[in-house]
Amino acid sequence: MMWKATHTEATSGTVTWKSPSNIALVKYWGKHGVQLPANPSISFTLDACHTVTRMDWTPNGAEEMNIRFYFDGEEKPDFLPKIEQFFERIAPYVTPLSGFDLEIHSHNSFPHSSGIASSASSMSALALCVCSWERQFVEVSDAEFYQKASVLARLGSGSACRSLYGGLVAWGKHADIADASDEYGVPFAEVHPVFQSYKDTVLLVDRGQKTVSSTVGHQLMHGHPFAEQRFGKAHENLSDLLVALNKGDLQLFTQLVEGEALMLHAMMMTSTPHFILMKPNTLSIIEKVWAYRQETGTHLCITLDAGANVHLLYPQVEEKGALAFIDSELAQYCQKEHYICDQVGLGPMQQTEKL
Ligand code: PMV
């Protein structure tokens, strides 16, 4: 690392990043230490579901760091504890931010109350802003820059570390991915072209606050009766999924991805205390999708994150039929018939326009 300027020479500045959400195919559920995963995971980086975050910094001539946070143009002091926790966690890894006033402005492309988790896109966008800030003082390659942003994003929210690259991103050590790490996500490039343009239509079944947070769900994997089997199965499923991704085997892909989603929810249903995040409409959608797949021989595949919403994954060539089916048969199960059309995306982009 080469120091470019001393901290005390710093002036005011601003940076804006747009960073996407991601949807896991093999799920991360259970953690240890400081946000380290109990098992490896892999996700599609999304495109339409993203956060744009701007960070302004001004030297304040004092030792402390002050933060003001704005969401959609409105100051939101109630978001500060989460943001301050992020800055506390990353402090050992970054050039000290003390001596600066930070103003952070954020906007999500998807409705705040949609039930779509914004932690992956928001934490990765904020991590990128911090890394851009640090780049004034430290010379780093682009590869080092994104890797560090992934580490910082992970400290904010585990799954956020997979939002730093486009396409498919793996996180957590795994025998079949040489450069995989528990500390950061790595892009996984050995992918058949069919998966580079995969579609994800997110059916918004429930916009309400989740009854059990991911943080609590992760904790409940400690002492969970099936924890060891689950972690072992995630390794196995990831090995098999890598083969499906590489070969373009859509049948194997569907079998593994749906199995992972249901196993994630099975872990919730068998925790102590147990809980269920799916809703009756989640199950109605799953049944209809399975019947549709049987009838049409197409590859519409469901996955779930830690909530009631359903992600429908399918190849681009099947888009027309899938959208017609969603519109006529599935929209009725969504709150206000609302769904979001997304697809595999290219990863974060620095913005030249101010938010
Ligand atoms: O990053 P967290 O702590 O919100 O956990 C996310 C967990 C899942 O979305 C359920 C799975 C995953 O790998 O993204």
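When a ligand or atom number is given, it counts from 1 through the structure's own listing order.
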Should you measure from each heavy atom of [X], which atoms of ligand 1 turn up under 4.0 Å away?
X	value
Ser214	4 (O)
Leu264	10 (C)
Gly158	1 (O)
Ala306	10 (C)
Ala24	12 (C), 13 (O), 14 (O)

- Heavy atom of the protein closest to atom 9 (O) of ligand 1 (residue, atom name, distance): Asp305 CB, 3.9 Å

- Task: Provide, to 0.1 Å, the distance between atom 8 (C) of ligand 1 and the closest protein heavy atom, together with that atom's residue and name.
- Result: Tyr28 O, 3.9 Å

- Task: Just let me know how Thr215 lines up against ligand 1, side chain, backbone, both or neither, with a heavy-atom cut-off below 4.0 Å.
- Result: neither

- When you check the gap from the basic side-chain N to the acidic O, do Arg135 and Asp142 get nearer than 4.0 Å? yes

- Minimum non-hydrogen distance to atom 3 (O) of ligand 1, winning option of Gln35, His218, Met267: His218

Any donor-acceptor N/O pair, [X] side chain to [Y] backbone, under 3.5 Å:
X	Y	answer
Asp101	Pro59	no
Arg89	Arg154	no
His224	Met267	yes
Ser150	Cys161	yes

- Does any N/O atom on Ser159 come nearer than 3.5 Å to any N/O atom on ligand 1? yes

- Query: Can Thr303 and Lys27 be counted as having a side-chain donor-acceptor contact under 3.5 angstrom?
  - Reply: yes

- Strictly by modelled atom types, are Ser121 and Ser19 linked by a side-chain donor-acceptor pair under 3.5 Å? no

- Nearest non-hydrogen partners of Thr298 and Glu318, listed with the distance: CB-OE1, 3.3 Å

- At a 4.0 Å cut-off, with the gap strictly under it, does some heavy atom of Arg162 reach an atom of ligand 1? yes

